[in-house]
Structure formats: C-alpha cells, structure tokens
Amino acid sequence: MPERGRFRLDGKVALITGGASGIGAATARAFVEQGGSVAIGDLNADAAAGLAAELGERAAAVALDVTDAASAGAAVAFATGRFGRLDTLVNCAGIGFVGTIEETPAAEWAKLFAVNVTGTYLCCAAAIPAMLGQDPAGGSIVNIGSVAGLVAVARRFAYCATKGAVVALTRSIALDYARTGLRCNVICPGTIYSPFVEGYLDRFHKDNKEETIAGLHARQPVGRMGTPEEVAGLAVYLASDDAVFMTGSVVTIDGG
Ligand SMILES: NC(=O)c1ccc[n+]([C@@H]2O[C@H](COP(=O)([O-])OP(=O)(O)OC[C@H]3O[C@@H](n4cnc5c(N)ncnc54)[C@H](O)[C@@H]3O)[C@@H](O)[C@H]2O)c1
C-alpha cells in the first residue's frame, strides 16, 4: 500500500484542463478533498477563478486555450511555479458535435480535432518534460476519452473519431514512457449529466429536451446517466500511487 494512504493525493499537484465545468470541476474538487493541489485551466477563465476561490489555497485558476501550444506551455509553467511540481495532468477540455459525416461541415470537424485531439497532444507535450525533469521524476496523465472512442454512437461522426484518437495517443504515450515513471491512461465515460449534455440538448434538441433526457438515461444499462463526481473518483484513483501498475489502460465508466 502506498505510504500516503489509499487514494490520497497529499503533496501531489495536478493541472486540470477544462477544469471549470462538469467532469473537470468535479475532478478539481475531488483532488483537493484528497489532499492534492490543482491548477484549474479553462477557456472560461472567470468560471475557473470562481471555482479556485471556492476550493481555497490548494487551488488556482489559469486561463487556458488547449488548442494553443504557448497557452498549454504557460499553464504547465503556472502550475509548477505556483505549487512546485506537476504530478498529474487531467485532459478534460472537450467539445462535441452531432451529425453523420454528411451533416458535419469541415469546420466543425477541424474544431473538434483542434480541442479534443490537438489540445490533448499539446498539453501532454508541455507537461511531459516538466514531469520527467522533476525529482522524483514521473507523473500520471489522465485523458478523458469517451465510450464514443470505442463503439459507434449514432450521428457522432467527428466526436467518435476524435475520441478514438485520444485512446490511440494514450496508448502510444504509455508505451513510450513506460519505464520512466510516467503513466498515461484514458477514462472513457458513457453519458454523464453535465453542462456538456445541457449544451448538446440546447443546441440539438431544443424542441424535445425532456424526451431526449429520458432517452439518455434509458440507453445506459443501469438506467441513468452518470455524474461528474463518479468520473472524478476514477480520476483520483488513476492519479494516486495506488494505480502505479496502470498505464496504457482504457477504462470505461458507463453504467454497463
Ligand atoms: N458529459 C458527457 O456525457 C461525456 C461523456 C464522455 C466523455 N466526455 C468528455 O469529458 C470531457 C469533459 O466533459 P464535460 O461533460 O465535463 O463538459 P463541460 O462542457 O461541462 O466542460 C468542458 C470544459 O472544457 C472547456 N473548454 C472547451 N474548449 C476549451 C479549450 N479550447 N481550452 C480550454 N478549455 C476548454 C469549457 O470551457 C468547459 O469548462 C470532454 O472531453 C468530453 O468529451 C463527456
């Protein structure tokens, strides 16, 4: 058993992208509860600052656009400057789009790849040298993929493609760094009731929102959507030293 106690993150520092909302915000809360420190990076800098103020001195907000390499580098520098090291990167920033290939304009495809795939790449690329260059060296990267990266979800053409790429890049990083103390895993949630789903309902199901919500609950075998807190618990585990033997793992959390 790790010295610090099961699932504890005392002394560990995380950068959480997309940390101002939904799964990222729940993860920031859970990391602080477990003794960790968090840099909350988000495009929505005001929401990130509000959450950091609520969480106290072991939380800080940083404006972050994951699609921009300089911004990703600055967020990593902010986390290490503020809290002294970087143990965990949670790549949670993500966006969706509903449509078949014919319903997906090239601009939406490019936007989804920029945030979900290039954003994950840029943040990993910025974080890895910091993780390897510290003492003790290493860290845990937790990517947030989706079951949409593992199975086809109807009319989620671009989204499925981006999440498949996140699964593949996770495995690749895991293998390349397996002997360095750096781990990389991907969480693949089913539908989680968060502002992400609210945004999707407002954009694509304005006229049949209640019926669509009922359908989203019903399509998961346990009969309901998950919560951001349920995903956050898994992120805590993967960030903790209890998970030292896990790397390259694709972990679904989807109510069956
Ligand atoms: N909610 C679900 O059902 C579900 C299921 C599977 C996977 N996911 C994935 O989980 C992750 C988080 O989803 P959520 O439900 O918490 O969504 P959310 O919309 O509640 O939060 C996403 C956050 O990412 C931020 N963001 C967007 N673009 C950004 C950028 N370029 N740079 C920095 N931040 C940016 C947003 O401002 C927002 O705060 C996403 O990658 C999503 O694809 C969600």
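First listed ligand is number 1; within each ligand, the first listed atom is number 1.
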Among all protein heavy atoms in this structure, tell me which lies nearest to [atom], with the distance rounded to 0.1 Å.
atom: atom 6 (C) of ligand 1; result: Pro189 O, 3.4 Å
atom: atom 29 (C) of ligand 1; result: Leu43 CD2, 3.7 Å
atom: atom 17 (O) of ligand 1; result: Phe196 CB, 3.1 Å
atom: atom 31 (N) of ligand 1; result: Asp65 OD1, 3.0 Å
atom: atom 33 (C) of ligand 1; result: Leu64 O, 3.1 Å
atom: atom 12 (C) of ligand 1; result: Cys92 O, 3.2 Å
atom: atom 1 (N) of ligand 1; result: Ile192 O, 3.0 Å
atom: atom 22 (C) of ligand 1; result: Gly94 O, 4.1 Å

- Candidates Thr27, Asn143, Asp42; heavy atom nearest atom 37 (O) of ligand 1 found on Asp42
- Query: Out of Ala20, Ser21, Gly145, who gets a non-hydrogen atom closest to atom 18 (P) of ligand 1?
  - Reply: Ser21
Can you list the atoms of ligand 1 that are under 4.0 Å from a heavy atom of [X]?
X: Pro195; result: 20 (O)
X: Thr191; result: 3 (O)
X: Gly22; result: 16 (O), 20 (O)
X: Gly18; result: 23 (C), 24 (O), 25 (C)
X: Ser146; result: 6 (C), 7 (C)
X: Gly190; result: 3 (O), 5 (C), 6 (C)

Measuring only between side-chain heavy atoms, which start at C-beta, is [X] closer than 4.5 Å to [Y]?
X: Ile173; Y: Ile128; value: yes
X: Arg82; Y: Val62; value: no
X: Asn116; Y: Tyr159; value: yes

Contact (N/O only, under 3.5 Å) between [X] and ligand 1:
X: Ile95; value: no
X: Thr67; value: no
X: Val66; value: yes
X: Lys163; value: yes
X: Val197; value: no

- Do other residues, nucleotides or ligands put more than 12 heavy atoms under 6.0 Å from the OH atom of Tyr177? no
- More than 12 foreign heavy atoms under 6.0 Å from OH of Tyr121: is that the case here? no
Looking at [Y] and [X], is any side-chain nitrogen of the basic one under 4.0 Å from a carboxylate oxygen of the acidic one?
X: Glu108; Y: Arg203; result: yes
X: Lys209; Y: Glu198; result: yes
X: Arg85; Y: Asp87; result: yes
X: Arg8; Y: Asp242; result: no
X: Arg156; Y: Glu103; result: no
X: Arg29; Y: Glu54; result: yes

Is the contact between [X] and ligand 1 made by the side chain, the backbone, both, or neither, using heavy atoms and a 4.0 Å cut-off?
X: Tyr159; value: side chain
X: Met225; value: neither
X: Ser194; value: side chain

- Message: Please evaluate residues Val186 and Ile144 with respect to the criterion side-chain contact (heavy atoms from CB on, under 4.5 Å), reporting the C-alpha separation (whole Å), side-chain torsions for both, the decisive distance (0.1 Å), and the verdict.
- Response: CA-CA 6 Å; Val186 56; Ile144 307 297; over 6 Å; no
- Query: Cut-off 3.5 Å, side chains only: do Thr170 and Asn143 have a donor facing an acceptor?
  - Reply: yes
- Is there a path from Val251 to Val231 through hydrophobic residues (I, L, V, M, F, W, Y) whose side chains come within less than 4.5 Å of each other? yes
